[in-house]
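Worksheet: the structure to be examined is printed underneath.
Quick note on labels: first sequence line is chain A, next is B, and so on, each numbered from 1. What you see is a predicted model; the values in this text were computed from it and never measured.
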Number of protein chains: 2
Amino acid sequence: MPPNPSAADAAPEMQATPAFSPLYQQIKGLILQSLQSGEWKPGEAIPSEMDLAARFRVSQGTVRKAIDELAAENLVMRRQGKGTFVATHAEQHVQYRFLKLVPDAGDLDSEGPAQRTVLECRRVRAPAEVARALALRTGDAVVQARRVLAFGGVPTIVEDLWLPGNAFKGLSAEQMADFQGPTYAMFELEFGIRMVRAQEKIRAVAADAQQAQLLKVAPGTPLLSVERVAYTYNDTPMELRRGLYRTDTHHYRNELS
Amino acid sequence: MPPNPSAADAAPEMQATPAFSPLYQQIKGLILQSLQSGEWKPGEAIPSEMDLAARFRVSQGTVRKAIDELAAENLVMRRQGKGTFVATHAEQHVQYRFLKLVPDAGDLDSEGPAQRTVLECRRVRAPAEVARALALRTGDAVVQARRVLAFGGVPTIVEDLWLPGNAFKGLSAEQMADFQGPTYAMFELEFGIRMVRAQEKIRAVAADAQQAQLLKVAPGTPLLSVERVAYTYNDTPMELRRGLYRTDTHHYRNELS
DNA sequence: GAGTGGTCTAGACCACGCG
DNA sequence: GCGTGGTCTAGACCACTCA
């Protein structure tokens, strides 16, 4: 094995660091490419560690360390005795991977799934702010959707979604309403787009008249504003979502370490 | 080496799982005990991997995996070429490890450190709710403190702290105001208590008259209510903190994956 | 019992920090 | 140049799953 053959070959420009990249990072990159290219679909098993080791001509330990990192980033899931599987938003034991709103009391899943009401879903031109978040140009086509989520019959979340028009051609309100399971699971199945990580900006705001009506609260009620940008592989932003959460019976839970 | 000697020895009671525990987990537990007992102080280096391997009579790789997990939990910090160091809230390049409020624009540290105003700091009897959060009994002694944090002269956070009276004997308002650096760093230095992880419950609330005055906003202004329980080793709760954040110029940032 | 991930070892060598 | 953590290997054995 050449000690460090690939890594930074292209442009020998200014770099204080020689850009040393461990073998296992390079392997991780190769596996990531395969994930990205769709060589293995969400929920499927990827080849065994031995197979991958043979394929890349490295030891099993090196593949193992690469997969360890992918598992830590939730891109892949290991199951002892069975194999390593491509992560998916469907059939994941946590129903909503990115939703951190939990009921104040009672079991996490005692509520069951949310009841969805899709109010709107149409193609529009991206406003400047949306375009910026999605790395598009102002005026590019985006799909905009608005919906209300209720838990146990109580409307709790109203949210607006913006999605790049190119990637989400043909997305309809019916599709959003009828699909069983997380919306991100539908994105995987119907559009082949996998959300892999997200970043949220949280604020407290007062409900305006329309929002208040949708959530059945008094206008001016404080609501949690959660602005989320979700990314696919390669740090490509693929969704902007702005949710308003009622926090009288639920709260946003966060673990710090 | 006996294959699995320690682990669950004490009570052979009902357990569907034979409670198999890998060697590296046991080593991790031993290192954790040493951290807990204060054998190594915050900021100090722990023994090298080779030394620990010799001490516990295992291979370096096993120690390494144990330390890997401790590092992942931010209990310990590795620095290549130098050693492995006990994590500390002082001199950590992120000034405030548990504070996720960031300015909407500008560098994260362009604001500099917060200006603290301690309004109150006294011993009281724990109300039921506080006692529950801190695993005390109602009426036990606790230290209660209230303070305002300002950034660039703008009051942005008002927060109440509750600390177990036993562990924080003698904590004074002056101490809280005068200490340079994060409050959690003071807890380490003055009381030998290290906060290791925390859990937050976030809600949107309306400012009452007093809160509004302290933050110089109109009464009724929506504020982020952040209720944090911070834990030392062993999942022992050692602080309850309730902060109210202005979110007109700042936001709570969260990364999901 | 075969196949998968998980643990453990022992040894070699590399990158980094510091004297 | 030495000691530290970091990488890589090769091989043995263990725990889990499923046919």
Side-chain angles (χ1 to χ4, degrees), chain A residues 1-8 15-31 40 43-72 74-87, chain B residues 1-8 15-31 40 43-72 74-87:
Chain A
M1 279 298 90
N4 193 25
S6 42
Q15 39 186 16
T17 320
F20 161 75
S21 161
L23 228 200
Y24 77 86
Q25 286 285 5
Q26 303 175 33
I27 302 302
K28 181 184 170 189
L30 292 173
I31 297 176
W40 315 303
E44 283 182 12
I46 72 174
S48 77
E49 296 179 352
M50 290 302 267
D51 287 355
L52 289 172
R55 167 157 153 187
F56 298 129
R57 312 289 199 79
V58 297
S59 80
Q60 190 209 5
T62 301
V63 170
R64 174 154 264 277
K65 181 137 193 188
I67 294 181
D68 276 346
E69 293 211 348
L70 293 172
N74 289 317
L75 294 175
V76 115
M77 236 186 75
R78 325 185 77 142
R79 272 184 264 169
Q80 183 172 151
K82 300 191 70 176
T84 302
F85 299 78
V86 182
Chain B
M1 280 298 90
N4 194 25
S6 41
Q15 39 185 17
T17 319
F20 161 75
S21 160
L23 228 200
Y24 77 87
Q25 286 285 4
Q26 302 176 34
I27 302 302
K28 181 185 170 188
L30 293 173
I31 297 176
W40 315 302
E44 283 181 12
I46 72 174
S48 76
E49 296 179 351
M50 289 304 266
D51 288 355
L52 289 171
R55 166 157 155 188
F56 298 129
R57 312 289 199 78
V58 297
S59 79
Q60 190 209 4
T62 301
V63 171
R64 174 154 265 277
K65 182 137 192 187
I67 295 182
D68 276 346
E69 293 211 348
L70 294 171
N74 290 318
L75 295 176
V76 113
M77 237 186 72
R78 326 186 76 141
R79 272 185 264 169
Q80 182 172 151
K82 299 192 70 176
T84 301
F85 298 78
V86 182

(message) Starting the side chain at C-beta, find the nucleotide from C/dA15, C/dC8, D/dG5 nearest to A/Phe20.
(response) C/dA15
(request) Measure from CG on A/Leu23 to C1' on D/dT9 and round the result to the nearest Å. (result) 11 Å
(request) Could you walk me through whether B/Val76 and B/Ile31 pass the side chain to side chain contact (heavy atoms under 4.5 Å, CB included) test, one step at a time? (result) CA-CA 10 Å; B/Val76 113; B/Ile31 297 176; 5.9 Å; no
(message) If I compare all heavy atoms of B/Ile67 with all of B/Glu49, which pair ends up nearest, and what's the gap?
(response) CD1-CG, 4.1 Å
(request) When you get a sec, tell me which of C/dG5, C/dC8, D/dG6 is the closest nucleotide to the side chain of B/Pro22? (result) C/dC8
(request) Compare side-chain N and O positions of B/Lys65 against OP1 and OP2 of C/dC8 and report whether any pair is under 4.0 Å apart. (result) no
(request) Mind calculating the distance between CD1 (A/Ile27) and C1' (D/dT9) to the nearest angstrom? (result) 13 Å
(request) Give the nucleotide from the list D/dC8, D/dG6, D/dT9 with an atom nearest to the side chain of B/Gln80. (result) D/dG6
(message) Treating A/Gln26 as the side-chain partner and A/Ser21 as the backbone partner, does any N or O pair qualify as donor plus acceptor under 3.5 Å?
(response) yes
(message) Counting only side-chain heavy atoms from C-beta out, which of D/dC8, C/dT9, C/dG6 sits nearest to A/Ser59?
(response) D/dC8
(message) Looking at A/Lys82, I'd like to know whether one of its side-chain N or O atoms comes within less than 4.0 Å of OP1 or OP2 on D/dC18.
(response) yes
(message) Please report the distance, rounded to the nearest Å, between CD in B/Glu49 and P in C/dC14.
(response) 18 Å
(request) Would you please confirm or rule out a distance under 4.0 Å between OP1 or OP2 of C/dG5 and any side-chain N or O of A/Thr84? (result) yes
(message) Heavy-atom nearest nucleotide on DNA chain D for B/Asp68 versus B/Gly81: which residue maps closer to 5'?
(response) B/Gly81
(request) Nearest 0.5 Å please: distance from the CD1 atom of B/Ile27 over to the CG atom of B/Leu70. (result) 11.0 Å
(request) Calculate the interatomic distance between B/Gln60 atom CD and D/dG5 atom C1'; express it in whole Å. (result) 8 Å
(request) Figure out the CE/C1' separation between B/Met77 and C/dC16, and round it to whole Å. (result) 14 Å
(message) Using OP1 and OP2 only, check whether a side-chain N or O of A/Ser48 sits under 4.0 Å from C/dG3.
(response) no
(request) Measure the distance from CE on A/Met50 to P on C/dA2 and round it to the nearest whole Å. (result) 15 Å
(request) Give the intermediate values and the outcome of side chain to side chain contact (heavy atoms under 4.5 Å, CB included) for residues A/Arg78 and A/Asp68. (result) CA-CA 9 Å; A/Arg78 325 185 77 142; A/Asp68 276 346; 2.4 Å; yes
(request) Round to the nearest Å and state the distance from B/Leu52 atom CG to C/dC8 atom P. (result) 16 Å
(request) In whole angstrom, give the distance that lies between atom NZ of B/Lys28 and atom C1' of C/dT7. (result) 15 Å
(message) Whether A/Arg78 contacts C/dT4 is assessed here as follows: a side-chain N or O lying under 4.0 Å from the phosphate OP1 or OP2. Is that the case?
(response) no
(message) Any base atoms under 4.0 Å from B/Arg64, or only sugar-phosphate, or nothing? Heavy atoms, all strands.
(response) base
